[in-house]
Amino acid sequence: MTAAPSADQIARVRAHLPALLAWYRGRRRDLPWRAAPPDPWAVLLSEIMLQQTTAPVVAARFPDMLARFPTPQAMAEAGEDAVLAAWSGLGYYRRARALFACARAILERHGGRVPDDPQALAALPGVGPYTAAAVAAIAFGRPVVPVDGNVARVLVRLFALGGEPARPSPRLRELAARVARAEDAGDLAQAWIELGALVCRPRRPLCGDCPLEQVCLARARGLEDRLPAPAPRPERRLVHASAFLALADGDLVLLRRRPRGGLLGGLVDLPGVPLAPDAGPEPPPLAVDWRPVPGEVRHVFTHLEMRLRLERAVVDGPETARPAPELPAAGLFWWPIAELAALPLASLTRRLLAHGGIVPPPSGRQASAR
DNA sequence: AACGCGTGGGC
DNA sequence: TGCCCAAGCGT
């Protein structure tokens, strides 16, 4: 099966690190989270946003996020709901709550300054092995190689690790540590990642453009298109349900705060959207005259597909519907449509609202990018 | 260790 | 269109 990486091959790769560094510095992209000198908080914020979210999406949202929360203290003082609202549409919302907890931990444990030690970084909420190494290398020049999916794939090909899944793993991190060197750690960390993102792509790698082509075992053996082996695709469950859109006085909408754990945890949505894949159908939240909205909203999650009908009702009388004074921690509440931008809404919720004729403005972003 | 957790873009 | 995938983490 997979031969262990040889000391010779590691030495060959290390000897080519200057070429990798030169390649990176020659084609460095103008990414909004790369500033000189690096701001450790900005680096940490960007790396958490980049966890499983594509760089173009983060590029579009990072400047507003940093402007809204320029320091750990600013984020800690803004409160969890403000962070969650600013995160609207980015997905994996646990990251937003962990980020808020992370800002508080930086304030309490480290006097408001991002720590430079990988171990201290990894102890922060939402910061795992990759993010800790990335911040340590990029923001502080620590001689570590952060291993993300890109770097894992590059290593599997460079060392022709046929039986190795191309995901960050303790074994690949150990290999990365043996390839690391003390000089230019920040640029080298980014070089490995950029190489995977732009050249050593998942499919059809551009080996002719690769600064490491001459030392790549997969290339030498003609395996560059067959490594890494594709991972099996997990099943995706299909869930049918009905969501309920209740309007009052033309300017209030009935919403619900979801429980903090699980799917879309802590976000605001419409009653009837399943709280979990196996949750049964929910009864209407009000005994009123519901009318089906024609069509269906189909939304695909990583492990779940929802097909949602929408029931709509208009209730009259301000005595039956009063706007909540503030966003509640749980349960149903009425909210002015004009103030939807203040709420942490998932993309699914925006689509349901739009299907019912309500288009909320972007949540939590700066009012204007001008 | 495997699974739960969003979303949007590329092809 | 449907499928693949993305600068992972927590449990």
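In what follows, chains are A, B, ... by sequence order, proteins preceding strands, each numbered from 1.
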On DNA chain C, compare the nucleotides closest to A:W33 and A:A98; which residue's is nearer the 5' end? A:W33
So, is A:R233 close to the C:dC4 phosphate, meaning a side-chain N or O under 4.0 Å from OP1 or OP2? yes
Would you please indicate yes or no on a ring centroid separation below 6.0 angstrom for A:F301 and A:H299? yes
Short side-chain N/O contact from A:H303 to OP1 or OP2 of B:dC5, under 4.0 Å: yes
Just to be sure I understand the rule, does A:V127 reach a base, reach only the sugar-phosphate, or reach nothing, if contact means heavy atoms closer than 4.0 Å? sugar-phosphate
Measuring to OP1 and OP2 of C:dC5, would you say a side-chain N or O of A:T54 lies under 4.0 angstrom away? no
Value in whole Å for how far the P atom of C:dA7 lies from CG of A:L90: 16 Å
Rounded to whole Å, CZ of A:R97 lies from C1' of B:dG4 at a distance of 13 Å
Could A:D116 and A:R113 be called an ion pair, given the rule that one side-chain N must be under 4.0 Å from one carboxylate O? no
Nearest-Å distance, CG (A:L264) to P (B:dG4)? 15 Å
Rounding to an integer number of angstrom, what distance separates B:dA1 and C:dT11 when you compare their C1' atoms? 11 Å
Which of A:L310, A:V293, A:L255, A:V314 passes side chain to side chain contact (heavy atoms under 4.5 Å, CB included) with A:L245? It is A:L310
Could you measure between the two P atoms, the one in C:dA7 and the one in B:dG10, and give it in whole Å? 14 Å
What's A:W192 touching, base or sugar-phosphate or nothing? Going by heavy atoms closer than 4.0 Å. nothing
Assuming nearest nucleotide by heavy-atom distance, tell me which of A:T53 and A:P56 is located more 5' along DNA chain B. A:T53
Between A:Y130 and A:Q51, do the side chains contain an N or O donor and an N or O acceptor separated by less than 3.5 Å? no
When we call it a touch if two heavy atoms are under 4.0 Å apart, what does A:P125 touch: a base, just sugar-phosphate, or nothing? sugar-phosphate
Taking for A:R201 and for A:Y93 the nucleotide of DNA chain B with the nearest heavy atom, the one nearer the 5' end belongs to A:Y93
Using a heavy-atom cut-off of 4.0 Å across all strands, would you classify A:G262 as base, sugar-phosphate, or nothing? sugar-phosphate
With a 4.5 Å cut-off on side-chain heavy atoms, are A:F140 and A:V135 touching? yes
Integer angstrom distance from the C1' of B:dG6 to that of C:dC4: 15 Å
Rounded to whole Å, the CZ-P distance (A:R61 to B:dT7) equals 11 Å
